[in-house]
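Below is one structure; the comments refer to it alone.
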Amino acid sequence: MFTDWAQALEAESLPLDPTSAQQLAAAARVTAHHSHDKDDLGLLLDVLGLPTDPDTLTALLPLIPETGDAPTMTITPATEAIDVPVVPLTLSNPVQELLDWATAHPAAAVRNRAHRITADLAELTERRDTEAAQREAEEKVARAKAELERAQEELRTVKANTRTTAAAPTAARTGSGRSREELAAIRAWARETGHQVADQGMVPKRIQEAYDTAHQATARKAD
């Protein structure tokens, strides 16, 4: 207390610099982004000294992330400390400033809330990185499968062409083991020598043997 009225009046006339309405609104929006539900938002706003009236809560509700899971977080008494490691994260300046302020706050409840938020953010960051790595691995597997299928198709094409090429020389052969040209020559020789032979179909074995004997004799005479 002041014992001198002059000093008291002088102190009373000093200008105050309260937190601006814009700063309070920004802090409330950041807090909503890291809240789990309406009750969690109201509690956090209260411990941070921010407005908790119904109009403010209603305006901030759309900013609460929709996780799809029922909140399972329990409120820890202000006297109980939470052993959660604070992992440095790359955050926007307003969020990081708010977390720094809450981490250094004299009230244990505020510090505990900052620890929870930091741990949640670290968990979300890890999950995001894990899912990104999984997507990248799945894309690599899909590309590898596509390349394997193309290679298998090329191999099947090469094998098919090889079989066709190998079968080509034997396609001109007949059941007798002679080519069509040889059979045509045998038929021509058979008609010239008085044998009866059909224009198509198999040439009788006796005629083929006679043809071979005649040509062998002709080859010996030529020698």
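None of the values given here were measured: they were computed from a predicted structure.
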To the nearest 0.5 Å, what is the distance between [atom1] on [X] and [atom2] on [Y]?
X      : Y      : atom1 : atom2 : value
Gln96  : Leu99  : CD    : CG    : 5.5 Å
Ser35  : Leu60  : OG    : CG    : 8.5 Å
His34  : Ile117 : NE2   : CD1   : 6.5 Å
Arg135 : Thr130 : CZ    : OG1   : 10.5 Å
Thr31  : Arg29  : OG1   : CZ    : 10.5 Å
Glu154 : Gln152 : CD    : CD    : 11.0 Å

Considering non-hydrogen atoms only, spot the tightest contact between [X] and [Y] and give its length.
X      : Y      : result
Ile207 : Ala190 : CG2-CB, 3.8 Å
Leu57  : Gly42  : CD2-CA, 4.1 Å
Trp189 : Ala214 : CZ2-CB, 3.7 Å
Arg111 : His105 : NH1-O, 2.9 Å
Ala32  : Pro65  : O-CD, 3.7 Å

_Determine whether Asp40 and Arg116 satisfy the following criterion, salt bridge (Lys or Arg N to Asp or Glu O under 4.0 Å), listing intermediate values before the conclusion._
CA-CA 12 Å; Asp40 190 45; Arg116 291 194 191 95; over 6 Å; no

*Is it true that Arg156 and Glu153 have a side-chain N and a carboxylate O under 4.0 angstrom from each other?*
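Yes, this pair counts.
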
_Side chains of Thr56 and Asp53: any donor to acceptor distance under 3.5 Å?_
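Yes.
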
*Examine the side chains of Gln216 and Asp212 and answer whether a donor and an acceptor come within less than 3.5 Å of each other.*
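Asp212 and Gln216 do not have a side-chain donor-acceptor pair below 3.5 Å.
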
Pairwise side-chain contact, [X] with [Y], heavy-atom cut-off 4.5 Å (strictly under):
X      : Y      : answer
Lys38  : Leu61  : yes
Arg150 : Glu147 : yes
Trp101 : Val110 : yes
Ile186 : Arg178 : yes
Thr52  : Leu41  : no

_Suppose we screen for side chain to side chain donor-acceptor pair (under 3.5 Å). Which residues come up paired with Asp55, at least two apart in sequence or across chains?_
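Counting only residues at least two positions away or on another chain, Asp55 forms no side chain to side chain donor-acceptor pair (under 3.5 Å).
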
_The criterion is side chain to side chain donor-acceptor pair (under 3.5 Å); which residues satisfy it with Glu131, sequence neighbours excluded?_
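With sequence neighbours excluded, Glu131 shows a side chain to side chain donor-acceptor pair (under 3.5 Å) to Arg127, given in chain and number order.
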
*Quick one: does Glu139's side chain have a donor or acceptor within less than 3.5 Å of a partner on Glu136's backbone?*
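Checking the backbone N and O of Glu136 against the side chain of Glu139, no donor-acceptor pair under 3.5 Å is found.
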
*Would Arg143 and Lys140 satisfy side chain to side chain contact (heavy atoms under 4.5 Å, CB included), going step by step from the backbone distance to the final call?*
CA-CA 5 Å; Arg143 289 195 297 269; Lys140 289 182 179 179; 3.2 Å; yes

*In sequence, state the C-alpha distance, the side-chain angles, and the governing distance for Val141 and Glu138, and then conclude on side chain to side chain contact (heavy atoms under 4.5 Å, CB included).*
CA-CA 5 Å; Val141 171; Glu138 290 174 350; 5.7 Å; no

*asked:* side chain to side chain contact (heavy atoms under 4.5 Å, CB included), that's the test. Do Met202 and Leu183 meet it? Break it down for me.
replied: CA-CA 9 Å; Met202 296 293 297; Leu183 292 176; over 6 Å; no

*What residue among Ile64, Asp120, Leu44 forms side chain to side chain contact (heavy atoms under 4.5 Å, CB included) with His36?*
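Among the candidates, only Asp120 passes.
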
*Only counting residues at least two apart or in another chain, list the ones meeting side-chain contact (heavy atoms from CB on, under 4.5 Å) with Arg191.*
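Here the qualifying residues are Arg187, Val197, Asp199.
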
